[in-house]
Amino acid sequence: MLACRASTLRLAQDLAAVKEFRRQAHPDFSPIGWHLGHIAFTESLWLLERLQRSPCPYPQYQKLFAADGLPKAERENLPDLPTILAYMADIRDRTLAFLDQVPLGHQLRLWRWLLQHESQHVETATYLLTLHRWPQTHAQAPTEVFPSSPLPVLEAASTTEMVFVPGGEFVMGGDSIDTLDNERSPHSVEVEDFWIDRTPVTVEEYAKFIAAGGYHNSQWWHPEGWIWRHRYDITQPLYWQNDEPQAPVCGVSWYEADAYACFVGKRLPTEAQWERAARWHPGTQTLQSWPWGEDAVSDRHGNFDSRHGGVTPVGQFAAGRSPTGCDDLLGNVWEWTNTWFDCYPGFEAFPYREYSQVYFDRAHRVLRGGSWATRPWVLRPTFRNWYQPGVQQVFAGFRCALSA
Ligand code: AVJ
Ligand code: FE
């Protein structure tokens, strides 16, 4: 709890400009300050009100900071940063005092869920800070110079190397104390032999899709993706920049990832394939805890925990490589998969239906692997993130797959 809060405050200290703290960076997201208040509100709700059965210590924040309180656009009227930090500190003092009175193992899953919850909101806040600051830190993005009429069919040449992953039966999901409701329960699935890109698709590779008029040729696009691309007049990833060709492409929606995969004659991996690639050791025929084996996650294994302040060129973390030869599976960018977010067999909502269950609606696609801003205790090969297919998630990229 202390390590988690220290890393949350690291982000809070970075909020120099008040406008970044209060203003929505994007209409789909609440302001950063709301995320901080919501972290404390959620801790207070579940530990103090529900577990300890205390009255709500800050009823004035009930409506503002509850997940279902106000529309996102009405969350800009926030207390100032010191007030929110004091709120967070006071709730934390109360929960630690409560922890002194209860056995450590009592409702451990709920206590640990709160850390997962806090750090996911911190990742979203990091995301929003990135959006706020993008225009200052990056030069004007180059726009494409290609014709807007459909082009003839092109033979797509992807130079992204692929690795072979033998198929078979394996146990997907997890039930360790930190796993969220949507990761449970472990269950057996079977995948066929497949190939998967060694690394996420790079800026250099993706630029070929743009250069070939990929955004102007319906043949690569899912019908809904083609409608989406026209409705919002999308011609490149959000905040597209090509100054680092070996960086993973990011800021892409599922529709763009899917279209690119089609363009290179591949497709997106299913989440079962992704998890198999991240955990299966063909030599020992066993599942590993991590792509690299059993060693605890460390800096050598990938780009996460905001250590590098952004994406890093693909393939820089040899220690994080999987037995089949995949790099960057955990950290760097979230990776879109071909799978709708849905429950696993035996699903039980925890701690509330609105956490996962309401998103099992065939309107959200699963992303795997974590980003450069994911905290180490959230980074794991069974973790499932989800977004609507039209969200150009600036922390998301993808890798492609191919059936054998
Ligand atoms: C899993 C990141 C999509 O931020 O909406 C936080 C996590 N749920 N509080 C989100 C979450 C409730 C969720 N994501
Ligand atoms: Fe939340």
Side-chain angles (χ1 to χ4, degrees), residues 4-5 8 11 24-47 49-50 61-72 75 84 87-88 91 109-131 173 178-184 253-254 271 304 331 333-337 339-344 347 349-361 363-375 377-380 382-396:
C4 176
R5 182 52 56 88
T8 299
L11 172 100
Q24 277 185 291
H26 187 281
D28 291 348
F29 293 93
S30 308
I32 293 172
W34 182 87
H35 288 274
L36 297 176
H38 170 77
I39 286 168
F41 174 82
T42 306
E43 183 170 326
S44 169
L45 173 68
W46 289 96
L47 297 178
E49 292 178 58
R50 299 284 167 92
Y61 291 154
Q62 184 98 34
K63 183 145 186 170
L64 175 60
F65 290 131
D68 55 359
L70 292 172
K72 292 192 170 83
R75 292 173 175 174
I84 291 184
Y87 171 48
M88 295 173 80
I91 296 297
R109 187 176 170 199
L110 187 61
W111 287 82
R112 297 198 63 112
W113 175 80
L114 281 154
L115 304 186
Q116 299 282 317
H117 180 262
E118 175 163 341
S119 291
Q120 284 183 71
H121 278 287
V122 168
E123 177 165 344
T124 304
T126 309
Y127 179 83
L128 299 171
L129 202 54
T130 307
L131 292 193
D178 283 326
T179 54
L180 302 176
D181 59 0
N182 60 64
E183 288 166 84
R184 304 181 186 210
S253 67
W254 182 88
E271 63 168 329
F304 56 89
V333 284
W334 287 102
E335 300 178 18
W336 286 106
T337 73
T339 306
W340 292 112
F341 185 53
D342 203 353
C343 62
Y344 289 161
F347 174 82
F350 181 89
Y352 54 99
R353 273 189 80 250
E354 290 71 22
Y355 188 79
S356 301
Q357 196 170 345
V358 297
Y359 299 100
F360 299 147
D361 57 0
H364 295 81
R365 298 276 181 175
V366 173
L367 300 96
R368 293 300 200 106
S371 76
W372 60 266
T374 304
R375 297 298 183 224
W377 47 88
V378 177
L379 202 70
R380 55 181 174 271
T382 58
F383 190 96
R384 309 169 76 201
N385 203 348
W386 64 89
Y387 279 101
Q388 285 158 335
V391 175
Q392 288 185 300
Q393 228 281 11
V394 172
F395 286 4

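Whatever order the structure lists ligands and atoms in, that order sets their numbers, starting from 1.
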Side chains of His117 and Trp46, heavy atoms from C-beta outward: is any pair under 4.5 Å? no
If you scan the protein for heavy atoms around atom 9 (N) of ligand 1, do you find one that is closer than 4.0 Å?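 Within 4.0 Å: yes, protein heavy atom nearby.
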Note: ligand 1 atoms sitting under 4.0 Å from heavy atoms of Asn385 are 1 (C), 2 (C), 3 (C), 14 (N)
Legend entry - side-chain contact (heavy atoms from CB on, under 4.5 Å), paired with Ser356, selected from Tyr352, Phe360, Tyr359: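 Per the side-chain contact (heavy atoms from CB on, under 4.5 Å) rule, the option paired with Ser356 is Phe360, out of Tyr352, Phe360, Tyr359.
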Exactly one of Trp254, Phe341, Trp340 clears side-chain contact (heavy atoms from CB on, under 4.5 Å) with Val366, and that residue is Phe341
Quick check on the 6.0 Å ring-centre criterion: do Trp334 and Tyr387 meet it?
no
- What part of Glu354 sits under 4.0 Å from ligand 1 if we count only heavy atoms: the side chain, the backbone, both or neither?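 Glu354 to ligand 1: no contact under 4.0 Å from either part.
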Within the 2.8 Å cut-off the protein N, O or S neighbours of the Fe ion (ligand 2) are His38 NE2, His117 NE2, His121 NE2
Give me the ring orientation class for Tyr127 and Phe29: parallel if the planes are under 30° apart, tilted from 30 to 60°, perpendicular past 60°. tilted
- Message: Classify the ring geometry of His121 against His38: parallel below 30°, tilted from 30° to 60°, perpendicular beyond 60°.
- Response: perpendicular
Next item on the list: Return yes when Tyr352 approaches ligand 1 closer than 4.0 angstrom through a heavy atom, no otherwise.
Entry: yes
Looking only at protein heavy atoms, which one is nearest to [atom], and how far off is it?
{"atom": "atom 4 (O) of ligand 1", "answer": "Thr124 OG1, 4.2 Å"}
{"atom": "atom 13 (C) of ligand 1", "answer": "Gln120 OE1, 4.1 Å"}
{"atom": "atom 11 (C) of ligand 1", "answer": "Tyr355 CE1, 3.6 Å"}

Hydrogens and angles aside, do Arg368 and Thr337 bring a side-chain donor and acceptor to less than 3.5 Å of each other?
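Their side chains do not contain a donor-acceptor pair, so the 3.5 Å distance test is not met.
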Sequence neighbours excluded, the answer for side chain to side chain contact (heavy atoms under 4.5 Å, CB included) partners of Glu49 is Ser44, Leu45, Cys56
Worksheet item: Would a distance-only check, ignoring hydrogens and angles, find a side-chain to backbone donor-acceptor pair under 3.5 Å from Arg75 to Pro31?
Response: no
Handout entry: Lys/Arg N to Asp/Glu carboxylate O, Arg375 vs Glu118, below 4.0 Å
Key =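 No, Arg375 and Glu118 are not salt-bridged.
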**Item:** N/O separation below 3.5 Å, His121 to ligand 1
**Value:** yes
